[in-house]
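What follows is a short report on a single structure.
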Amino acid sequence: MQIKTILNRVQKFKSFVYGAVHLVEGASVPTLEVELQPRLNSHPICSGCGYKRPGYDRSPERLFEFIPMWGHKVFFRYAPRRVDCPDCGVRVERMPWVSGKRRLTEAYTWFLSGWAKRLSWKEVAEAFRTTWDHVFCSVERAVSWGREHQDLSGVEAIGIDEIQWQRGHRYLTLVYQIDSNCKRLLWIGKKRKVKTLLGFFRWFGQQRTKELRYICSDMWKPYLKVIKKKAGQAIHILDRFHIMTHLSKAIDEVRAQETRELKEKGYEPILTKSRWLLLKRPENLTDNQETRLSELLQYNLRSIRSYLLKEEFQLFWQYVSPYWAGRFLDKWCTKTMRSKIEPMKKVAKMLRRHRPLLLNWFRAKKQFSSGIVEGFNTKAKLTTRKAYGFRTYKAVEIALYHALGALPVPKTTHEFF
Ligand SMILES: [Zn+2]
């Protein structure tokens with residue numbers, strides 16, 4: 001059997017035929033070149049308008065990289081025809097194996113971008129003996145195709161989140177669809193300003209925005225403002241994940257400060273290495289951690305009192321009726337305000353200020369658990385942290401859409417992996 005036969009099985013073109021296959025002598029990596037020819041009497045198609053046009057001349061031969069095979073790089077070798085198009089002028093013909101002026105074939109592009117979902121970009125480049133740039137271009141192409149072809153109908157619930165990227169306080173705003181039947185990253189914007197989120201709504205469009213029923217977000221002022229203005233009809237929920245994050249951050253602050261104070265006063269550093277004891281849910285602690293926690297609880301420290309306040313706040317989420325949840329919230333806030341622990345008081349004040357939005361979670365019948373946004377948040381951080389060359393915003397953006405966007409891929413007759 002000839003290689004040509006396999007090629008015809010995996011990727012057959014209507015108006016082109018495979019010719020001879022050569023092993024390239026003296027190449028640094030074993031390389032195969034496959035000749036391509038137009039089928040007899042076939043007319044070239046203008047790459048400008050997509051119509052059959054009379055031929056004009058032929059450009060020099062070009063190589064198009066195809067999927068490597070058995071440790072061999074594989075190239076198509078073809079001299080593109082140029083057409084004399086009455087609408088577009090003299091243009092190169094359209095070739096079904098490649099898009100635009102690329103050097104990588106479509107098949108190879110989708111092959112690489114598919115692997116880039118499973119491995120890091122660097123690993124893909126190494127595994128297939130190609131360059132990081134080729135992997136990047138492939139993923140970029142997959143993302144732009146996917147975003148052009150994605151179906152945005154029926155989005156009823158969105159979650160808005162932010163992540164930090166790079167060092168310092170650089171943020172990205174991420175908008176997810178969090179409907180029960182479809183969860184995916186919809187949009188990314190730089191920073192977390194009013195302008196950022198307005199950018200999302202502009203992209204999403206007025207009609208679709210009107211159809212939104214639920215929006216989950218953090219208590220971040222610019223977000224609250226934009227949501228109210230643009231999607232006032234939706235139930236706006238302050239979700240559990242973000243609220244618990246605020247409490248954890250407050251505990252962290254109290255603990256750090258108290259550790260310093262204790263050290264200065266010469267006390268035994270009881271709080272050192274206690275961070276996770278205080279931040280983890282009690283049911284997730286190991287036996288050893290549990291013993292240490294019960295020891296810690298004997299001290300009347302601000303960190304411990306903050307920890308207990310946070311644990312108590314967990315009860316809030318158990319309520320069913322917004323009315324009783326509200327009563328609980330009021331009591332908890334009063335108690336926390338009396339604790340004289342500044343970082344905790346700050347959270348209590350913030351919760352008080354946003355009481356109606358907090359209670360919306362119960363009005364929405366708790367259907368948006370913290371798990372959805374939290375899960376995306378974790379994955380997004382992981383993706384940006386796989387730092388391989390993601391120094392630029394563009395690369396981070398593409399990596400996130402690729403990993404979390406659940407983007408469609410074109411239907412092909414053959415699956416290459
Ligand atoms: Zn044309």
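In this text, all values refer to a predicted model and were calculated from it rather than measured experimentally.
None of Lys190, Arg192, Lys191 except one satisfies the salt bridge (charged side-chain N to carboxylate O under 4.0 Å, His left out) rule with Glu162; the exception is Arg192. No option in Val175, Thr209, Asp179 other than Asp179 meets the side-chain contact (heavy atoms from CB on, under 4.5 Å) test with Val155. When each of Thr336, Val347, Ile251 is checked for a side-chain contact (heavy atoms from CB on, under 4.5 Å) with Leu309, only Thr336 meets the rule.
Contact annotation: the side chain of Leu238 never approaches that of Asn360 to less than 4.5 Å [non-hydrogen atoms, C-beta and beyond]. Using a 4.5 Å heavy-atom cutoff, the side chains of Asp218 and Phe241 are not in contact. You'll find the side chain of Leu172 reaches within 4.5 Å of the side chain of Leu400, heavy atoms only. Residues Leu23 and His72 meet the side-chain proximity criterion, which asks for heavy atoms closer than 4.5 Å. Ser306 has its side chain out of reach of Pro343: every pair of non-hydrogen atoms, C-beta onward, lies at least 4.5 Å apart. Looking only at side-chain heavy atoms (C-beta outward), Leu224 and Lys228 stay at 4.5 Å or farther from each other. In this structure the side chain of Arg77 reaches within 4.5 angstrom of the side chain of His22, judged on heavy atoms. Using a 4.5 Å heavy-atom threshold, the side chains of Asp161 and His242 count as touching.
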Q. Does the salt bridge (Lys or Arg N to Asp or Glu O under 4.0 Å) test come out yes or no for Glu261 and Arg302, once each step is laid out?
A. CA-CA 11 Å; Glu261 286 171 17; Arg302 286 196 311 263; 3.3 Å; yes

Q: Report the C-alpha distance between Phe66 and Gln11 in whole Å, list the side-chain angles of each, state the deciding distance to 0.1 Å, and finish with yes or no for side-chain contact (heavy atoms from CB on, under 4.5 Å).
A: CA-CA 11 Å; Phe66 191 65; Gln11 190 164 60; 3.1 Å; yes

**Q.** Step-by-step side-chain contact (heavy atoms from CB on, under 4.5 Å) determination, Met344 to Leu247
**A.** CA-CA 7 Å; Met344 293 300 282; Leu247 282 169; 3.8 Å; yes

Q.
As a quick check of understanding, evaluate side-chain contact (heavy atoms from CB on, under 4.5 Å) for Ile243 and Phe313, giving each step before the final call.
A. CA-CA 10 Å; Ile243 289 156; Phe313 191 80; 3.9 Å; yes

Q: Assess whether side-chain contact (heavy atoms from CB on, under 4.5 Å) is satisfied between His134 and Glu65, documenting all intermediate values.
A: CA-CA 10 Å; His134 278 173; Glu65 192 164 359; 4.0 Å; yes

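A donor-acceptor pair under 3.5 Å is formed between the side chain of Glu93 and the backbone N or O of Arg81. Between the side chain of His402 and the backbone N or O of Ile398, no donor-acceptor pair lies under 3.5 Å. The backbone N or O of Ile188 lies less than 3.5 Å from a partner atom in the side chain of Tyr401, making a donor-acceptor pair. Between the side chain of Lys183 and the main chain of Ser180, a donor-acceptor pair closer than 3.5 Å is present. At least one donor-acceptor pair under 3.5 Å links the side chain of Thr378 to the backbone N or O of Glu374.
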Show me the donor-acceptor pairs within less than 3.5 Å that the side chains of residues 315-325 make with the rest of the protein, sequence neighbours left out.
from: Ser321; atom 1: OG; to: Tyr323; atom 2: N; distance (Å): 3.2
from: Ser321; atom 1: OG; to: Trp324; atom 2: N; distance (Å): 3.0
from: Tyr323; atom 1: OH; to: Arg327; atom 2: NH1; distance (Å): 3.0

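No more than 12 heavy atoms of other residues, nucleotides or ligands lie within 6.0 Å of NZ in Lys346, so this atom counts as exposed by the packing criterion. Counting heavy atoms of neighbouring residues, nucleotides and ligands inside a 6.0 Å radius, atom CG of Asp287 does not exceed 12 of them. Within a 6.0 Å sphere centred on CD of Gln233, other residues, nucleotides and ligands contribute more than 12 heavy atoms. Within 6.0 Å of CZ in Arg129 there are 12 or fewer heavy atoms belonging to other residues, nucleotides or ligands. Heavy atoms from other residues, nucleotides or ligands lying under 6.0 Å from NZ of Lys230 number 12 at most.
Distance check, rounded to the nearest 0.5 Å: CG of Asp133 to CD of Glu140 gives 10.5 Å. Rounded to the nearest 0.5 Å, atoms SG (Cys137) and OH (Tyr108) are 12.0 Å apart. In this structure, the separation between SG on Cys88 and OH on Tyr51 is 10.5 Å, given to the nearest 0.5 Å. We find the CE-OG distance between Met95 and Ser15 to be 13.0 Å, quoted to the nearest 0.5 Å. Here the straight-line distance linking atom OG1 of Thr109 with atom CZ of Arg102 works out to 6.0 Å at 0.5 Å rounding. To the nearest 0.5 angstrom, Ile160 atom CD1 is 7.0 Å from Phe200 atom CZ.
Aromatic ring centroids of Tyr78 and Phe16 lie under 6.0 Å apart. Checked against a 6.0 Å centroid threshold, the rings of Phe328 and Trp332 do not count as neighbours.
A donor-acceptor pair shorter than 3.5 Å can be found between the side chains of Glu211 and Gln207. For the residue pair Lys4 / Asn8, no side-chain donor-acceptor distance below 3.5 Å is found, with atom types taken as modelled. Side chains of Asp151 and Ser153: a donor-acceptor N/O pair is present below 3.5 angstrom, by distance only. There is a side-chain donor-acceptor pair under 3.5 Å between Ser217 and His236. Under 3.5 Å, the side chains of Tyr223 and Thr173 contain a donor-acceptor pair of N or O atoms.
The two residues Trp187 and Gly199 have their closest heavy-atom pair at CZ2-C, 3.6 Å. The nearest pair of heavy atoms linking Ala364 to Tyr214 is CB-CE2, 3.7 Å. In this structure, Ile215 and Ala231 approach most closely via the heavy-atom pair CD1-CB, 3.6 Å. Taking every heavy atom of both residues into account, Leu358 and Leu351 meet most closely at CD1-O, 3.4 Å. Nearest heavy-atom pair, Arg305 versus Ser339, reported as atom, atom and distance to 0.1 Å: NH1-O, 3.5 Å. Between Leu301 and Leu262, the closest heavy-atom pair is CD2-CD1, 4.3 Å.
In this structure, the side chain to side chain contact (heavy atoms under 4.5 Å, CB included) partners of Leu152, at least two apart in sequence or on a different chain, are Gln150, Arg184, Leu186, Trp203, Arg208.
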